[in-house]
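Okay, structure first, notes after.
Just so we're on the same page: letters track the sequence lines, and every chain starts at 1.
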Amino acid sequence: MPELPEVETVCRALSKVIKNSRIKKIEFYRKDLRWQVKDNLEVSLKNNIFIDSYRRGKYILIPTNTDKIFLIHLGMSGQIRIKKKDIVQKHDHMRLIVENNNKHFIITYNDSRRFGYIDLFKKKELREHFLLSKIGVEPLGRELTIEYLQNNFKKRVINIKNALIDQKIIAGIGNIYASEILYKAKINPLRKVNSLSQNDLNSIITYTKIILKKSIDVGGTTIRDHMQPDGSLGYFKQKLQVYGKTNEKCKTCNSFIVKEVISNRSTFICRHCQI
DNA sequence: AGTGTCGCCTGAATGC
DNA sequence: TGCATTCAGGCGACAC
């Protein structure tokens, strides 16, 4: 799945059932995910209490009462199911049984492509964690400013599309939302970052925040894999303006939306509006 | 150090 | 219908 709004949706749903819950049981069915999951993870986690869940970029982080952090990354196809009764399905790789106020919940990690990852590490290792140490600012936080982007972009020759999906610069934007943001900001994805004006950067920041927030409000974008943990769909797909809209008309100028492959990734553009 | 390409893996859609 | 090819919300390992 999963760009920031989808991960945020999953994270909020998890929070509702895991906050102050006790971990009764952990089972792995496969540990060969993007990387091999640690051998003793189950042992270290059993009987711990989850404090809450929060999101950093596209990572879900769940601190425990023993000063550890449980990490879930969904990769391209990862899903979380939360149910009271459940049966193990194809591509389920892990499940947790947690108890919260005498109620039991089954939390299942399903990931057909196994590009995702699950980890457990000490809280004090958070800053140096190999997946988290280099990631950039939160797009919905205060650190995403024109000055921040100017500092990152000067002396660089990459295009703005690649910059937006580079997790080391901004954490959470992926291929769908990069197209949507640049369309609304009326900026061509191939523009070099060091050529962007203050106005351009301001538009990018403004629409990044608007689009991501709107999508979170409706449960993210369901195109193929993403589902909310209770099985319901995300409805931002209906609000997409350009992604996947090849040969449909731009709502502003009526010219056709085209698909262009940039660095091996599909990018959708209105060539008339985005200059 | 910064930049571009490749490939990890499975399944759905598309093409012949 | 059947089989091959292409493509997919990510991202680290490489080569240059």
Side-chain angles (χ1 to χ4, degrees), chain A residues 1-11 29-37 55-60 71-80 89-93 109-119 129-136 139 151-182 189-190 192-194 208 211-212 214-216 218-228 233-247 259-268:
Chain A
M1 49 160 84
E3 303 183 34
L4 185 150
E6 294 75 41
V7 178
E8 179 68 26
T9 301
V10 170
C11 203
Y29 311 112
R30 280 190 86 144
K31 284 193 161 184
D32 53 336
L33 305 183
R34 175 77 196 258
W35 297 276
Q36 188 70 20
V37 174
R55 182 191 55 71
R56 175 77 176 99
K58 297 173 192 170
Y59 294 92
I60 297 168
L71 171 150
I72 300 174
H73 185 247
L74 299 166
M76 288 278 268
S77 52
Q79 296 184 20
I80 298 287
Q89 297 179 20
K90 193 175 182 185
H91 303 306
D92 285 353
H93 305 313
Y109 175 83
N110 179 291
D111 183 4
S112 60
R113 293 170 77 179
R114 286 182 283 120
F115 286 177
Y117 189 50
I118 292 171
D119 198 13
H129 190 276
F130 78 111
L131 294 169
L132 304 169
S133 63
K134 287 174 191 158
I135 65 179
N151 275 333
N152 260 279
F153 289 172
K154 67 184 172 194
K155 295 184 189 169
R156 296 191 69 170
V157 293
I158 50 172
N159 64 57
I160 183 61
K161 161 75 193 298
N162 283 347
L164 282 182
I165 62 177
D166 182 344
Q167 304 301 298
K168 293 191 283 304
I169 303 173
I170 305 174
I173 300 171
N175 204 42
I176 289 182
Y177 294 102
S179 278
E180 294 294 314
I181 291 163
L182 291 171
L190 289 171
K192 300 294 179 197
V193 289
N194 59 11
T208 293
I211 289 167
L212 296 179
K214 269 192 188 165
S215 183
I216 291 169
V218 296
T221 301
T222 295
I223 284 189
R224 72 201 88 235
D225 292 325
H226 170 67
M227 221 177 259
Q228 299 187 48
L233 304 176
Y235 289 99
F236 197 73
K237 183 184 180 192
Q238 297 158 19
K239 303 208 189 304
L240 294 175
Q241 305 288 301
V242 278
Y243 187 87
K245 306 284 187 190
T246 311
N247 292 331
K259 176 176 129 175
E260 194 165 318
V261 176
I262 299 176
S263 297
N264 283 323
R265 316 234 29 207
S266 297
T267 309
F268 297 86

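Residue A:His73 places at least one side-chain N or O closer than 4.0 Å to OP1 or OP2 of C:dC11. Taking side-chain N and O atoms only, A:His91 has a distance below 4.0 Å to OP1 or OP2 of B:dG11. Checking the phosphate oxygens (OP1, OP2) of C:dC7, no side-chain nitrogen or oxygen of A:Lys259 falls inside 4.0 Å. Taking only side-chain nitrogens and oxygens, A:Asn175 comes nearer than 4.0 Å to OP1 or OP2 of C:dG9. Regarding contacts with the backbone of B:dT3, a side-chain N or O of A:Arg156 is found under 4.0 angstrom from either OP1 or OP2. In this model, the phosphate group of C:dA8 is approached by a side-chain N or O of A:Ser266 to a distance below 4.0 Å at OP1 or OP2. Between A:Tyr177 and the phosphate of C:dG9, there is no side-chain N or O to OP1/OP2 separation shorter than 4.0 Å.
With hydrogens and angles left out, the side chain of A:Arg265 and the base of C:dA8 share no donor-acceptor pair within 3.5 Å.
The side chain of A:Tyr59 approaches C:dC11 more closely than any other nucleotide in the set B:dC9, C:dC11, C:dG9. In the set B:dT5, B:dC9, C:dA8, B:dT5 carries the atom at the smallest distance from any side-chain atom of A:Asn264. Among the nucleotides B:dT10, B:dC8, C:dC7, the one closest to the side chain of A:Arg114 is B:dT10.
Of the P atoms belonging to B:dG7 and C:dT5, the separation is 16 Å, rounded to the nearest Å. With P as the reference atom, C:dG9 and B:dT14 are 15 Å apart, rounded to whole Å. Between the P atoms of C:dC14 and B:dC9, the separation comes to 15 Å (whole Å).
Under the 4.5 Å side-chain criterion, counting only non-hydrogen atoms from C-beta, A:Met76 is in contact with A:Phe115.
In a base pair of the Watson-Crick type (N1 to N3 plus N6-O4 or O6-N4) or a G-U wobble (N1-O2 and O6-N3), with each distance short of 3.5 Å, B:dC9 is matched with no nucleotide. The partner of B:dG2 is C:dC16, by the rule that a Watson-Crick or G-U pair needs both atom distances under 3.5 Å.
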Practice task
With side chain to side chain contact (heavy atoms under 4.5 Å, CB included) as the test, would you mind laying out the steps for A:His73 and A:Leu131 before giving the verdict?
Solution key: CA-CA 10 Å; A:His73 185 247; A:Leu131 294 169; 5.7 Å; no
Handout entry: A:Asn194 and A:Lys155: CA distance, side-chain angles, deciding distance, side chain to side chain contact (heavy atoms under 4.5 Å, CB included) verdict
Key = CA-CA 7 Å; A:Asn194 59 11; A:Lys155 295 184 189 169; over 6 Å; no
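Residue whose closest nucleotide on DNA chain C sits further toward the 5' end, between A:Leu131 and A:Arg113: A:Arg113.
In B:dG4 the O4'-C1'-N dihedral to the base is more than 90° from 0, which defines an anti nucleotide.
Distance CZ (A:Phe268) to P (C:dC7): 11 Å, rounded to an integer number of Å. In this entry the distance linking CG of A:Leu74 with C1' of C:dA8 reads 16 Å, nearest Å. Distance, A:Gln36 CD to C:dG12 C1': 17 Å, rounded to whole Å. A:Arg34 places its CZ atom 6 Å from the P atom of C:dG12, with the value rounded to the nearest Å. Rounded to an integer number of Å, the gap from A:Ile211 CD1 to C:dG9 P is 17 Å. Going from atom CG of A:Leu212 over to atom P of C:dG9 covers 16 Å, rounded to whole Å. Atom C1' of nucleotide C:dG12 and atom NZ of A:Lys134 are separated by 10 Å, given to the nearest angstrom. Computed from coordinates, the A:Asn194 CG to B:dT3 C1' distance equals 14 Å when rounded to whole Å.
At a threshold of 4.0 angstrom between heavy atoms, the contacts of A:Lys237 with the nucleic acid are absent. Within 4.0 Å of A:Lys58, counting heavy atoms only, lie sugar-phosphate atoms of the nucleic acid but no base atom.
Side-chain contact of A:Asn247 with A:Lys259: a donor-acceptor pair under 3.5 Å is absent, judged by distance alone. For the 3.5 Å distance criterion, the side chains of A:Gln167 and A:Tyr59 fail to qualify, holding no donor opposite an acceptor.
Closest approach of A:Leu4 and A:Lys58 over heavy atoms only: N-CG, 4.4 Å. Across every non-hydrogen atom of A:Leu190 and A:Asn159, the tightest pair is O-CB, 3.5 Å.
Note on ring orientation: taking the six-membered ring where Trp is involved, the planes of A:Phe130 and A:Tyr117 are perpendicular (angle over 60°, cut-offs 30° and 60°).
Checking each of A:Asp111, A:Asn110, A:Ile80 against A:Leu74 for a side-chain contact (heavy atoms from CB on, under 4.5 Å) leaves exactly one that passes, namely A:Ile80.
Within residues 157-172 of chain A, the residues having any heavy atom closer than 4.0 Å to DNA chain B are, in order of number, A:Val157, A:Ile158.
Here A:Phe115 packs flat against the base of B:dC8; its ring centre is closer than 5.5 angstrom to the base's six-membered ring, tilted by less than 30 degrees.
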